[in-house]
Amino acid sequence: MTITDFPTTASGVRSPIPDHPAPTPGERALAAARFHLAEASRFLGLEDGLHHMLATPRRSLTVSVPVRREDGRLEVVQGHRVQHNLSRGPAKGGIRFHPDTDLAEVTALAMWMTWKCALVGIPYGGATGGVAVDPATLTTRELERVTRRYVNEILPLLGPEKDIPAPDVGTDEQTMAWIMDTYSANAGYSAPGVVTGKPTALGGSPGRAGATSRGVRIAALQALTRTLGASSPEGTTVAVQGFGKVGALAAQYLADAGCRVVAVSDAGGAVVRPSGLDVAALRAHAAETGTVHGYRDADALSHEELLELDVDMLVPAALDGVITAGNAPRVRARLVVEGANGPTTPEADRILAGNGVTVVPDILANAGGVIVSYLEWVQNTQAYSWSAGEVEVKLRDLMENAYRAVADLAAERDLTLRQAAHAIGVERVAEAHRIRGLYP
Ligand code: NAD
C-alpha cells in the first residue's frame with residue numbers, strides 16, 4: 001500500500017489505517033506514525049512528493065539471525081534495522097529485543113526518532129532496529145550470540161558517522177557493550193562512538209542510564225506548571241505503566257520531585273497503594289523478584305485498571321498501542337506523559353483531547369534518552385568527558401527549550417501538544433531536504 005492509497009477521514013486527513021481486518025501491533029504503530037505525519041504535512045502545506053518521501057523509510061534491512069541454543073539446537077530469528085531519514089545527520093535510534101517486533105513497528109519507531117531528534121535540535125536522522133526474540137527465554141550466552149550475529153548482519157549500515165544504536169525494550173548497557181565490541185573487532189580499532197547507552201567503563205556518559213526518565217520528569221513538571229497551571233508538583237498523584245529502564249526511574253524521579261506515585265505495573269502485574277508507594281523499596285523488590293507483582297506493601301490491580309485509575313498523571317512507559325479507542329473514554333488522568341513510544345493510538349488521542357486530557361507526546365516526553373545519547377556521542381567523538389552536572393544542565397536546557405517551543409505553537413495555533421511537536425519536527429526535516437536539494 002502506498003500513502004496515496006490511504007482513505008480520507010471525515011477531517012480530510014488521509015488515514016493510513018490498513019483496511020485488512022487484523023493489522024499487527026507493528027502495522028498499527030506505523031499507521032499511527034503516518035497519520036501524525038499526514039496531519040503535520042497538511043498543517044505545513046508540504047508538497048505531496050515530500051510528504052510521500054517522509055512517509056517512506058530511506059533504508060530497511062531485514063536479516064536472518066541464526067542462534068545456537070545451549071542444548072545444541074539451531075534456531076533462526078528475524079532482525080531489522082531501518083534508517084528512516086538522514087537529512088539532518090547520521091541515523092540514531094534504539095535496538096529492541098521483543099518477540100512481537102516486526103518491520104512495520106521498527107519503521108514506525110525510526111520515523112518517530114526522526115521527528116524527535118529534529119524537535120529537540122540534535123543533528124541526527126531517525127533509525128530503529130529490532131530482533132524478534134524474547135530475551136527472558138535466552139541465557140546470557142545465547143543473548144550475546146544473538147546480539148553479535150545480528151550486529152554482524154547489519155554491520156554495513158552501522159558506524160559512528162553512519163548509524164548509532166542505543167538501548168530500547170529488552171536491551172541494555174551490556175547489549176551496547178557487545179555491539180561496540182563486535183563493531184570494533186570488525187573495524188580493527190575501538191569505536192566507542194558506534195553506540196550510546198554503553199557502560200561508563202567503555203565511554204558511556206555520566207547520566208545516560210536515567211536520562212530518558214529524567215527527561216520524562218522535566219516534561220511532566222513543565223506540563224504541570226506551564227500547561228496546567230499547578231503551583232508545584234507536591235502531592236500530584238501518578239500511575240506508571242511499565243517498570244523497566246524508563247518507567248522505574250521515572251516513578252522514582254517523580255516521587256523525588258514530590259509527586260505521590262500510587263500505582264505501577266510491569267508485564268508480571270500491577271500494584272496500587274493510594275497513600276503512595278515507596279518507589280525505592282518497590283525497585284528493590286522488582287530487582288530481586290523480576291516483577292513488581294507480589295510487592296507486600298500494596299494491593300494487586302489489573303493491567304487495565306491501572307490505566308483507568310483516578311490519578312492526576314498517567315505515565316505509559318511500556319509498549320505502543322496501549323491507550324486505544326476502547327479504554328480512552330475511561331482514562332481519568334488529566335495529564336498523560338508518554339514515556340513509551342506510540343502508547344496512544346490516533347483514535348484515543350482524539351478522545352482524550354475531547355475529554356480535556358493533556359497528552360505530552362512521546363517525541364517530546366521521552367527525548368531525554370536521545371539527548372544524553374547525543375551528549376555521549378559528542379564526548380566519544382571528541383575523546384573528552386563532561387561531568388554528570390554538565391550533562392544534566394544540557395539535558396534540562398534542550399528539554400525545556402523543546403517544551404516551550406511546542407507549548408507556544410500549540411497555544412498560538414490551537415493545536416494539541418502532539419500536533420505542535422510533529423509540526424516543528426517535520427518542518428525542520430522538510431527544511432533540511434529543501435536546502436540540500438534532490439540528488440541527482
Ligand atoms: P524495558 O524493556 O526496560 O521495560 C519495559 C517494561 O514494560 C518492563 O517493565 C515490562 O515488564 C513492561 N511491560 C511489558 N508489557 C507490559 C504490559 N502489558 N503492562 C505493563 N507493563 C508491561 O524497556 P524501556 O527501555 O524501559 O522502554 C519502555 C518504552 O520506552 C518503550 O516504548 C521504548 O521505546 C521507550 N523509550 C525507551 C528509551 C530508553 O532509553 N530505554 C528511550 C526513549 C523511549
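Sequential numbering from 1 along the given sequence is applied to the chain's residues. Keep in mind that the numbers below use all heavy atoms, side chains included, and drop hydrogens, waters and symmetry copies.
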Participant: Do Arg28 and Asp100 meet the salt-bridge criterion of a basic N to acidic O distance under 4.0 Å?
Facilitator: no

Participant: Can you classify the ring geometry of Trp377 versus Tyr374 as parallel (below 30°), tilted (30 to 60°) or perpendicular (above 60°)?
Facilitator: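 Tilted, since the angle between the ring planes falls between 30° and 60°.
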
Participant: Can you give me the closest heavy-atom contact between Gly321 and Thr345, atom names plus distance?
Facilitator: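 Where Gly321 meets Thr345 most closely, the heavy atoms are CA-CG2, 4.3 Å.
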
Participant: Can you find a heavy atom in the side chain of Pro57 that is under 4.5 Å from one in the side chain of Met111?
Facilitator: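 Not touching, per the 4.5 Å side-chain cut-off.
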
Participant: Determine whether a donor-acceptor pair (N or O, by modelled atom type, separation under 3.5 Å) exists between the side chain of Glu27 and the backbone of Thr24.
Facilitator: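 It does hold such a pair.
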
Participant: Between Arg81 and Asp163, is there a side-chain N and carboxylate O pair less than 4.0 Å apart?
Facilitator: yes

Participant: Val131 versus Val146: any side-chain heavy-atom pair under 4.5 Å?
Facilitator: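 Result yes, sub-4.5 Å side-chain heavy-atom pair found.
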
Participant: Just to verify, which of Asp172, Asp168, Asp102, Asp134 counts as forming a salt bridge (charged side-chain N to carboxylate O under 4.0 Å, His left out) with Arg96?
Facilitator: Asp168

Participant: How close do Ala191 and Ser184 get, heavy atom to heavy atom, and via which atoms?
Facilitator: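 In terms of heavy atoms, the two residues are closest at N-OG, 3.0 Å.
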
Participant: Under the 3.5 angstrom rule, does the side chain of Asp414 hit a backbone N or O of Ala410 as a donor-acceptor pair?
Facilitator: no

Participant: Should Leu224 and Thr236 be marked as a side-chain contact (heavy atoms from CB on, under 4.5 Å) after you check the CA-CA gap, both sets of side-chain angles, and the distance that decides it?
Facilitator: CA-CA 9 Å; Leu224 276 175; Thr236 300; 3.8 Å; yes

Participant: Search all heavy atoms of Leu44 against all heavy atoms of Ala423 and return the closest pair with its distance.
Facilitator: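 Result for this residue pair: CD1-O, 3.7 Å.
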
Participant: So, taking the atom named NZ in Lys198 and the one named CD in Gln174, what distance separates them when rounded to the nearest 0.5 Å?
Facilitator: 13.5 Å

Participant: Kindly say whether Ala40 contributes a backbone atom to a donor-acceptor pair with the side chain of Gln419 at under 3.5 angstrom?
Facilitator: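 Looks like no, no N/O pair under 3.5 Å.
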
Participant: Is it the case that Thr344 and Glu338 place a side-chain donor and acceptor less than 3.5 Å from each other?
Facilitator: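 Short answer, yes.
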
Participant: For residues Tyr403 and Ala223, report the shortest heavy-atom separation together with the two atoms involved.
Facilitator: OH-CA, 3.1 Å

Participant: Determine whether more than 12 heavy atoms belonging to other residues, nucleotides or ligands lie under 6.0 Å from atom CZ of Arg332.
Facilitator: yes

Participant: In Å and rounded to the nearest 0.5 Å, what is the CZ to CD distance from Arg34 to Glu39?
Facilitator: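 Result: 16.0 Å between the selected atoms.
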
Participant: Answer yes or no: is there a donor N or O on one side and an acceptor on the other, between the side chain of Glu400 and the main chain of Asp397, under 3.5 Å?
Facilitator: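 No; zero donor-acceptor contacts below 3.5 Å.
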
Participant: Has Glu142 got a side-chain atom pairing as donor or acceptor with Val67's backbone, closer than 3.5 angstrom?
Facilitator: no

Participant: Is the closest basic N to carboxylate O distance between Arg148 and Glu144 below 4.0 Å?
Facilitator: yes

Participant: Is Asp297 paired with Arg273 through a side-chain N to carboxylate O contact shorter than 4.0 Å?
Facilitator: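 Not counted as a salt bridge, because no side-chain N and carboxylate O are separated by less than 4.0 Å.
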
Participant: Is a salt bridge present between Glu75 and Arg68, judged by a nitrogen-to-oxygen distance below 4.0 Å?
Facilitator: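 Not counted as a salt bridge, because no side-chain N and carboxylate O are separated by less than 4.0 Å.
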
Participant: Go through it in stages, so that I can follow the logic: the residues are Thr237 and Met313, the test is side-chain contact (heavy atoms from CB on, under 4.5 Å), and I'd like the CA-CA distance, side-chain angles, deciding distance and then a yes or no.
Facilitator: CA-CA 6 Å; Thr237 52; Met313 189 195 307; over 6 Å; no

Participant: For His303 and Ser265, does a side-chain donor sit closer than 3.5 Å to a side-chain acceptor?
Facilitator: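 There is no such pair (donor and acceptor under 3.5 Å, judged by atom type) between the side chains of His303 and Ser265.
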
Participant: If I compare all heavy atoms of Leu417 with all of Val406, which pair ends up nearest, and what's the gap?
Facilitator: O-CG1, 3.4 Å

Participant: Whether the Asn327 and Arg330 side chains hold a donor-acceptor pair (N or O, under 3.5 Å, no angle test) is what I'd like checked.
Facilitator: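 Side-chain D/A pair, Asn327 to Arg330: absent.
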
Participant: Look at the rings of His36 and Trp112 and say which category their plane angle falls in: under 30° parallel, 30 to 60° tilted, over 60° perpendicular.
Facilitator: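 It falls in the tilted class, 30° to 60°.
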
Participant: With a 4.0 Å cut-off, would you call Glu70 and Arg141 a salt bridge?
Facilitator: yes

Participant: Which distance, rounded to the nearest 0.5 Å, do you find between the CZ of Arg260 and the CD of Glu234?
Facilitator: 10.5 Å

Participant: With rounding to the nearest 0.5 angstrom, report the CZ to CH2 distance, Arg145 to Trp178.
Facilitator: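 The CZ atom of Arg145 sits 10.5 Å away from the CH2 atom of Trp178.
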
Participant: What are the two closest heavy atoms between Ala248 and Val279, and how far apart are they?
Facilitator: O-CG1, 4.2 Å

Participant: Does one side chain, of Lys92 or Thr196, offer a donor that lies under 3.5 Å from an acceptor on the other?
Facilitator: yes

Participant: Between the main-chain N or O of His293 and the side-chain N or O of His285, is there a donor-acceptor pair closer than 3.5 Å?
Facilitator: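 Looks like yes, one N/O pair under 3.5 Å.
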
Participant: Can you say whether the rings of Phe97 and Tyr150 are parallel (under 30°), tilted (30 to 60°) or perpendicular (over 60°)?
Facilitator: perpendicular

Participant: Can you tell whether the side chains of Asp256 and Arg217 come within less than 4.0 Å, N to carboxylate O?
Facilitator: no

Participant: Find the distance between CZ (Arg214) and CD1 (Ile218) and round it off to the nearest 0.5 Å.
Facilitator: 7.5 Å

Participant: Treating Asn152 as the side-chain partner and Tyr183 as the backbone partner, does any N or O pair qualify as donor plus acceptor under 3.5 Å?
Facilitator: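 No; judged by distance alone, with no hydrogens or angles, the pair does not exist.
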
Participant: Check for a donor-acceptor pair, side chain of His80 on one end and backbone N or O of Thr107 on the other, with a separation under 3.5 Å.
Facilitator: no

Participant: Does Asn366 use its side chain to pair, donor to acceptor, with the backbone of Gly339 at less than 3.5 Å?
Facilitator: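 Side chain of Asn366 to backbone of Gly339, a donor-acceptor pair under 3.5 Å: yes, one is there.
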
Participant: Could you go step by step and tell me if Leu335 and Val360 meet the side-chain contact (heavy atoms from CB on, under 4.5 Å) rule?
Facilitator: CA-CA 8 Å; Leu335 177 62; Val360 186; 3.9 Å; yes

Participant: What distance separates Thr291 OG1 from Asp266 CG, expressed to the nearest 0.5 Å?
Facilitator: 3.5 Å

Participant: Would Ser385 and Gln379 count as a side chain to side chain donor-acceptor pair (under 3.5 Å) if you check the C-alpha gap in whole Å, the side-chain angles of each, and the deciding distance to 0.1 Å?
Facilitator: CA-CA 5 Å; Ser385 64; Gln379 292 170 80; 5.0 Å; no

Participant: Report the C-alpha distance between Val238 and Val311 in whole Å, list the side-chain angles of each, state the deciding distance to 0.1 Å, and finish with yes or no for side-chain contact (heavy atoms from CB on, under 4.5 Å).
Facilitator: CA-CA 6 Å; Val238 181; Val311 287; over 6 Å; no

Participant: Any donor and acceptor pair, going by atom type alone, linking the side chain of Ser387 with main-chain N or O of Glu390 inside 3.5 Å?
Facilitator: yes

